[in-house]
Amino acid sequence: MLRTHTCGELNKEHIGQTVSLCGWVAKIRDHGGGKFIDLRDRYGITQIVIDSTSPAAAMESVQPVRPEWVIKVVGEVKTRPAGQDNPKIVTGEIELHVTQLEVLNPCVTPPFVPNQKDLPNEDLRLKHRYLDLRRESMQETLVLRSRIIKAMRDYSAKHDFIDVETPILGRSTPEGARDYLVPSRVHNGQFYALPQSPQIYKQIMMVAGYDRYVQVARCFRDEDLRADRQPEFTQLDMEMSFVDSDDVIGIIDGMMQELAKDILGIDVQLPLPRITYDDAMTRFGHDAPDMRFGVEIIDLTDIAKKTDFRVFRSVADSGNFVRAIVAPGGQAKYSRRGIDELTKFVQENFGAKGLAWFRVEEDGTLNSTIAKNFETSELAEIASKTEAKPGDLVLIIADTWETSCKALYALRKRIGIDLELYDPKEMHFSWVVEFPMFEHDAEGDRWNAMHHPFTAPLESDLELLKTDPSKTRAQAYDLIINGYEAGGGTIRIHDSGVQQQVFGLLGLDEQSAQERFGFLLDALKYGAPPHGGIALGIDRVVMLFGGLENIRDCIAFPKTQKATDMMTEAPNIVEATQLTELGIELAQKDDDE
RNA sequence: GGCGCUGUAGCUCAAUUGGUUAGAGUCCCGGACUGUCGAUCCGGAGGUUGCGGGUUCGAUUCCCGUCAGCGUCGCCA
């Protein structure tokens, strides 16, 4: 070893010892007569001193040293002069007086230094990721990620889960997200697909009798990115046999409790709260509500039906909805201009026709530019139903169910931030359960699977498959942390009759089902146990546990919004010979399109 | 694909209503300094204002296009 210690471990107990350290030069403070150097590695920073008492050779070798050079120093650990301790670093009580200094490798002048005061723009950070990853906060996050994954694996192992690796090169099944395709050289014209999830393999593991499966699985989806979405991401993928929803939820409940305790030192009460999908949509307008704060949606459609205010009345009469949320103390935050801002926000992003609002005056009455359209009694009824208090702002969307959900959800999220309605450090775990089996396909006159086509309906809803599929609820459950979908799973269909029924509703005849999933359908005939599972988005869990705002900071080498890697410049144009070998010819790009 | 924000020195930012030679801090280079830890002090270098076009006597500023990063809607079973 080139070093005897790391830069984060020396303290008063080492005083008098001769040690060697290796690391990167974080900062040089040159006083002419002597130099102080902050030497950094991932464990911390140690101040090293070279002055007139140091050997001439050491003075000589330190002369050209610049920030981010990699050096090795040997020296004696000494206490600092009285009053010169640095309480900001753990090694701040000591310093290393150098007797030998060796440059292990110089560094060209970096475009930015890792711990500079102002964070460089993200594109620069991504381009020079090796520098960015030297930053303390990135190192903390990657350590956090490692600890979380280890804790998940330990928990899984403790509960008899077997870790199995499934293929990365698989079969394309054009359901759901777009596949990343990989051309086959051996079979020109044919393609593998990278897994969107190991879904089918893990079900087959159940058929094979492996009872409890787990995998830290890389997954790929060729869809557009978001702050919380990467094209390549990591799931904790699990599957269990002889279980129902409660069993799977129970396993994850326990895992979250342990993670919260081990990683954050937080005590989480079990069972984690559950609400149904219908409830979530009615109360929060979304299937992954942030439940760190209240502000639930209030339905005013009944009142709207009675008023002469045409805007509300016509919406209510046409079977649509007038729904509201109350921004507590919102008047202080949102002036007329602020409300205009919110109006624009819901109109432009969600196609809402408008945003109606009322201020609650000191005496509890509602005031607004539209107030004159209402009877005093109607205003009083709105005030009482929304339970709005003086200083509050009532925000109302009159629109279709879908638009009101989206707009009110977004408004709620926004006022939660603007009005600081929750402690950003708080962690809230919950479940949303009983998702609908199907959602209606806007284009064709058919149903789409909300999860995937192997999701089992609730036992109690089996009849509805025949009578009213839209009302059929699934044995599906999503884990929600602070308003993010951190994971989701289902109990699978193991009854071939039910499976046929579901395929039928999805517009899949026996033949096309056989073509797409034949291997799974075959496997299910060979003694498939009742089974179900879940997948947790590890990147998102890390983001949430780390209190971070985007998923890129949780991934060592993330992609940009256009799905490129700024450091390696992937994807890239390949050699013509590679394409020829694969039997691929690129279509001419048509500029007229 | 739509909408929005951003792009000025290596880095982080400023530049009044469209007006002289585009500034500051930091980094970098040179010098001074024996206790700093955002060291300090002196001096210096450093610019295709992302790129292309337009309007104008004059554009960092206004307009159009384009590229890149970010956010968001669509999309993500």
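Proteins get letters first, then strands, A, B, ... in listed order; numbering begins at 1 in each.
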Asks: Once you apply a heavy-atom cut-off of 4.0 Å, does A/Gly33 come out as touching a base, just sugar-phosphate, or nothing?
Replies: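 Contact class for A/Gly33: sugar-phosphate only.
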Asks: Given the P atoms of B/A9 and B/G50, what is the spacing between them in whole Å?
Replies: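 Comparing P positions in B/A9 and B/G50 gives a spacing of 8 Å.
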Asks: Is there a side-chain contact between A/Asp51 and A/Lys35, using heavy atoms and a 4.5 Å cut-off?
Replies: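 A/Asp51 does not reach A/Lys35 side chain to side chain.
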Asks: In whole Å, what separates the C1' atom of B/G25 from that of B/C67?
Replies: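 To the nearest whole Å, 30 Å.
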Asks: Sort out the partner of B/U66 for me: Watson-Crick or G-U wobble, both distances under 3.5 Å, none otherwise.
Replies: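 The base-pairing partner of B/U66, which may sit in any strand shown, is B/G50.
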Asks: A side-chain contact here means heavy atoms from C-beta on lying under 4.5 Å apart; do A/Val216 and A/Gln235 qualify?
Replies: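 A side-chain contact under 4.5 Å is absent here.
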Asks: Measuring from the side chain of A/Gln84 (C-beta onward, heavy atoms only), which nucleotide among B/U34, B/C37, B/C75 has the closest atom?
Replies: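 Within the option list, the nearest is B/C37.
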Asks: Which part of the nucleic acid, if any, lies within contact of A/Asp224, taking any heavy atom under 4.0 Å across all strands shown: a base, the sugar-phosphate backbone alone, or nothing?
Replies: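 Base contact.
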Asks: Rounded to whole angstrom units, what separation is found between the CD atom of A/Glu122 and the P atom of B/U12?
Replies: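 Whole-Å distance recorded here is 12 Å.
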Asks: Have a look at A/Thr564 and say if it touches a base, only the backbone sugar-phosphate, or nothing, with a 4.0 Å heavy-atom cut-off.
Replies: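 A/Thr564: backbone/sugar contact only, no base atoms under 4.0 Å.
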Asks: RNA chain B: A/Lys562 or A/Arg540, which has the more 5' nearest nucleotide?
Replies: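 This one resolves to A/Lys562.
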Asks: Which part of the nucleic acid does A/Glu95 contact within heavy-atom distance under 4.0 Å: base, sugar-phosphate only, or nothing?
Replies: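 A/Glu95: base contact, heavy atoms under 4.0 Å.
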Asks: Taking pairing as Watson-Crick or G-U wobble with both contacts under 3.5 Å, can you name the mate of B/G71, or confirm there isn't one?
Replies: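 When the pairing criteria are applied, B/C3 turns out to be the nucleotide that pairs with B/G71.
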Asks: Side chain of A/Arg552 only, heavy atoms from C-beta on: which candidate in B/U36, B/C70, B/C76 is closest?
Replies: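 Among the listed nucleotides, the one closest to the side chain of A/Arg552 is B/C70.
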Asks: Has A/Arg414 got its NZ or CZ under 6.0 Å from the middle of the six-membered ring of A/Phe345, at an angle within 45 degrees of the ring axis?
Replies: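 Yes, a cation-pi geometry holds between A/Arg414 and A/Phe345.
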Asks: Tell me the partner of B/G44, counting only Watson-Crick (N1-N3 plus N6-O4 or O6-N4) or G-U wobble (N1-O2 and O6-N3) with both under 3.5 Å; none if nothing fits.
Replies: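 Looking at the geometry, B/G44 pairs with B/C28.
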Asks: Is any side-chain N or O of A/Lys406 closer than 4.0 Å to OP1 or OP2 of B/G74?
Replies: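 A/Lys406 to B/G74 OP1/OP2: side-chain N or O found under 4.0 Å.
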Asks: Counting only Watson-Crick or G-U wobble pairs whose two distances fall under 3.5 Å, which nucleotide matches B/U36?
Replies: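 In the structure as shown, B/U36 has no Watson-Crick or wobble partner.
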Asks: Counting distance alone, no hydrogens or angles: does the base of B/G71 have a donor or acceptor under 3.5 Å from a partner atom on the side chain of A/Gln561?
Replies: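 Side chain to base: pair present.
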Asks: Under the ring-ring contact (aromatic ring centres under 6.0 Å, His included) rule, collect the residues that match up with A/His5, sequence neighbours excluded.
Replies: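 In terms of ring-ring contact (aromatic ring centres under 6.0 Å, His included), with neighbours along the sequence ignored, A/His5 is linked to A/His14.
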Asks: Just call it for A/Pro120: base, sugar-phosphate, or nothing, with non-hydrogen atoms closer than 4.0 Å on any strand.
Replies: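 If one applies the 4.0 Å heavy-atom cut-off, A/Pro120 turns out to touch the sugar-phosphate alone, with no base involved.
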Asks: Has A/Arg323 got its NZ or CZ under 6.0 Å from the middle of the six-membered ring of A/Trp401, at an angle within 45 degrees of the ring axis?
Replies: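 Judged by the rule, A/Arg323 and A/Trp401 form a cation-pi pair.
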Asks: Nearest of B/C73, B/C37, B/C75 to any side-chain atom of A/Arg178?
Replies: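 The listed nucleotide nearest to A/Arg178's side chain is B/C75.
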Asks: Side chains of A/Thr276 and A/Asp278: any donor to acceptor distance under 3.5 Å?
Replies: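 No, no side-chain donor-acceptor pair sits under 3.5 Å.
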Asks: For the side chain of A/His97, counting heavy atoms from C-beta on, which of B/G69, B/U72, B/G35 is nearest?
Replies: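 Closest nucleotide to the A/His97 side chain: B/G35.
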Asks: Give a yes or no on whether a donor-acceptor pair under 3.5 Å exists between the nucleobase atoms of B/G69, that is its base, and the side chain of A/Arg125.
Replies: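 No.
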Asks: In sequence, state the C-alpha distance, the side-chain angles, and the governing distance for A/Phe517 and A/Phe454, and then conclude on ring pair (Phe, Tyr, Trp, His ring centres under 6.0 Å).
Replies: CA-CA 10 Å; A/Phe517 318 111; A/Phe454 316 112; 5.0 Å; yes
Asks: Hey, does A/Lys35 reach any base, or is it just sugar-phosphate, or nothing, if we go heavy atoms under 4.0 Å?
Replies: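 The answer is nothing, as A/Lys35 stays clear of every strand by at least 4.0 Å.
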Asks: In terms of the nearest nucleotide of RNA chain B, which residue is placed more toward the 5' end: A/Arg221 or A/Gly34?
Replies: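 Between the two, 5'-proximity favours A/Gly34.
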Asks: So, does A/Gln116 get its side chain near the phosphate of B/U12, meaning an N or O under 4.0 Å from OP1 or OP2?
Replies: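 Answer no for this pair, as no side-chain N or O of A/Gln116 is under 4.0 Å from OP1 or OP2.
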Asks: Categorize A/Asn115 for me: base, sugar-phosphate, or nothing, with a 4.0 angstrom heavy-atom threshold over every strand shown.
Replies: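 Nothing: the residue A/Asn115, judged by heavy atoms under 4.0 Å, touches no strand.
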Asks: Looking at every strand, decide which applies to A/Ser52 at a 4.0 Å heavy-atom threshold: base, sugar-phosphate, or nothing.
Replies: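 Base contact - A/Ser52 has a heavy atom under 4.0 Å of at least one base atom.
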Asks: Under 3.5 Å for both donor-acceptor distances, Watson-Crick or wobble: does B/U16 have a partner, and if so which one?
Replies: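 Checking every strand shown, B/U16 finds no partner, since no pair has both distances under 3.5 Å.
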Asks: So for A/Glu348 and B/U72, does any side-chain atom that can act as donor or acceptor lie under 3.5 Å from a complementary atom in the base?
Replies: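 Side chain to base: no pair below 3.5 Å.
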Asks: Using every non-hydrogen atom in the two residues, find where A/Phe503 and A/Pro453 come nearest and quote the distance to one decimal.
Replies: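 Of all heavy-atom pairs spanning A/Phe503 and A/Pro453, the closest is CE2-CB, 3.8 Å.
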Asks: Ignoring hydrogens and angles, are the base of B/G71 and the side chain of A/Glu549 linked by a donor-acceptor pair under 3.5 Å?
Replies: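 Counting by modelled atom types and ignoring angles, no donor-acceptor contact under 3.5 Å is found here.
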Asks: I'd like to know if A/Arg29 reaches the base of B/C33 with its side chain, counting only an N/O donor and acceptor under 3.5 Å.
Replies: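 Side chain to base: no pair below 3.5 Å.
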Asks: Applying a 4.0 Å non-hydrogen cut-off, can you work out what A/Arg66 is touching in the nucleic acid: base, sugar-phosphate, or nothing?
Replies: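 Counting heavy atoms under 4.0 Å across all strands, the contact made by A/Arg66 is with sugar-phosphate only.
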Asks: What is the distance, to the nearest angstrom, from the CD atom on A/Glu68 to the C1' atom on B/C27?
Replies: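 A/Glu68 atom CD is separated from B/C27 atom C1' by 12 Å.
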Asks: I'd like to know if A/Arg229 reaches the base of B/C75 with its side chain, counting only an N/O donor and acceptor under 3.5 Å.
Replies: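 Between B/C75 and A/Arg229, which were checked side chain against base, a qualifying N/O pair under 3.5 Å is present.
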Asks: Under 4.0 angstrom, heavy atoms only, what part of the nucleic acid is A/Leu124 near: base, sugar-phosphate, or nothing?
Replies: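 Touches sugar-phosphate only.
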Asks: If I pick the P atom on B/C41 and the same atom on B/G47, what distance separates them, to the nearest angstrom?
Replies: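 Their P atoms lie roughly 26 Å apart.
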Asks: Looking at A/Asn86 and B/C37, is any side-chain donor or acceptor paired with a base atom of the opposite kind under 3.5 Å?
Replies: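 A donor-acceptor contact between them is present.
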Asks: What's the closest nucleotide to the A/Pro111 side chain, out of B/G69, B/G10, B/C75?
Replies: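 The nucleotide sitting nearest to the side chain is B/G10.
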